[in-house]
Amino acid sequence: MGRLMLDTSRVSYEVSVNPVPKLDQNGQQKFDRETKQPMWTVHLYALSEGSAEVINVTVVSPTVPPVAVRQPVLPVDLEALPWVNDRDGKVRSGVAFRAAGLRPLDTDTK
């Protein structure tokens, strides 16, 4: 399945859980195959008119993304990556989210 670039113009995003290293099944931080940079998981509130949900977004960055809980952000190049896993006769599927970065939004109204 291919990647789907998402239109973020009609959704507002806010950090719901601070970034943490994305870990493999052995508890080690994962690294991107192409860039060899560390991967981070950030939970975001995705709020649009009439709906809201929490999405887990993977960000590839040499350092922890500089964002904090309750901070409005804009995911850069947000992608949806559909996946299917068939293990031991059980089929699971879902959507993973990935962003090239998180741009903090200025909330000052001076």
Side-chain angles (χ1 to χ4, degrees):
M1 287 186 209
R3 296 177 176 190
L4 306 170
M5 299 305 292
L6 300 180
D7 177 6
T8 58
S9 65
R10 298 181 141 201
V11 179
S12 61
Y13 298 90
E14 184 178 289
V15 177
S16 63
V17 176
N18 286 330
V20 295
K22 184 176 181 99
L23 304 178
D24 65 16
Q25 57 196 19
N26 298 317
Q28 300 297 310
Q29 185 166 18
K30 290 179 140 185
F31 289 82
D32 183 71
R33 290 182 191 143
E34 293 176 17
T35 67
K36 308 300 185 221
Q37 293 185 351
M39 300 169 81
W40 308 89
T41 298
V42 183
H43 299 249
L44 300 179
Y45 293 118
L47 306 159
S48 61
E49 192 170 321
S51 70
E53 63 181 283
V54 175
I55 61 173
N56 301 329
V57 179
T58 297
V59 178
V60 177
S61 172
T63 59
V64 62
V67 297
V69 170
R70 307 227 23 180
Q71 183 175 19
V73 296
L74 178 64
V76 177
D77 297 331
L78 184 61
E79 300 176 84
L81 299 106
W83 58 269
V84 176
N85 184 335
D86 184 355
R87 189 178 297 168
D88 299 326
K90 294 182 182 178
V91 177
R92 296 178 47 216
S93 62
V95 177
F97 295 95
R98 182 178 173 128
L102 296 174
R103 184 175 304 131
L105 297 178
D106 184 13
T107 58
D108 292 340
T109 55
K110 296 178 182 176

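Everything quoted here is computed from the prediction, not taken from an experiment.
By the criterion of side-chain heavy atoms lying less than 4.5 angstrom apart, applied directly or through intervening Ile, Leu, Val, Met, Phe, Trp or Tyr residues, Val59 is grouped together with Val95 in one hydrophobic cluster. Under a hydrophobic-cluster definition in which Ile, Leu, Val, Met, Phe, Trp and Tyr are linked whenever side-chain heavy atoms come within less than 4.5 Å, directly or via other members, Val64 and Val57 are assigned to different clusters.
Between Pro104 and Gln71, the closest heavy-atom pair is CB-NE2, 3.3 Å. Here the closest heavy-atom approach between residue Lys30 and residue Asp24 is recorded as CG-N, 3.8 Å.
For the pair Ser93/Asn85, no side-chain contact is recorded, criterion being any heavy-atom separation below 4.5 Å from C-beta on. Residues Val69 and Ser16 have side chains not in contact (no heavy-atom distance under 4.5 Å, counting atoms from C-beta outward). In this structure the side chain of Glu14 reaches within 4.5 angstrom of the side chain of Arg70, judged on heavy atoms. The shortest distance between side-chain heavy atoms of Phe97 and Leu6 falls below 4.5 Å. Contact of the Tyr13 side chain with the Ile55 side chain is registered, since non-hydrogen atoms from C-beta on lie closer than 4.5 Å. Residues Leu44 and Val15 have side chains in contact (heavy-atom distance under 4.5 Å, counting atoms from C-beta outward). Inter-residue side-chain proximity for Pro38 and Gln29 is flagged as met; some heavy-atom pair is nearer than 4.5 Å. When side chains are defined from C-beta on, Val60 counts as touching Thr35, because their heavy atoms get closer than 4.5 Å.
Thr58 and Lys22 are linked by a side-chain donor-acceptor pair at a separation below 3.5 angstrom, with hydrogens and angles left out of the test.
Atoms CG and CD, on Leu47 and Glu53 in that order, are 9.5 Å from each other to the nearest 0.5 Å. Here Arg98 contributes atom CZ and Leu78 contributes atom CG; the two are 11.5 Å apart, rounded to the nearest 0.5 Å.
Listed for the Trp40 side chain is no donor-acceptor partner under 3.5 Å among the backbone atoms of Pro65. No donor-acceptor pair under 3.5 Å is formed between the side chain of Asp88 and the backbone N or O of Lys90. Within the 3.5 Å criterion, the main-chain N or O of Glu34 finds a donor-acceptor partner in the side chain of Asp32.
In summary, of the residues considered (Val42, Leu102, Thr63), a side-chain contact (heavy atoms from CB on, under 4.5 Å) with Pro19 occurs for Val42 alone.
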Inset, instruction - Begin from the C-alpha positions of Arg10 and Glu49 and carry the test side chain to side chain contact (heavy atoms under 4.5 Å, CB included) through to its verdict. - result: CA-CA 8 Å; Arg10 298 181 141 201; Glu49 192 170 321; over 6 Å; no
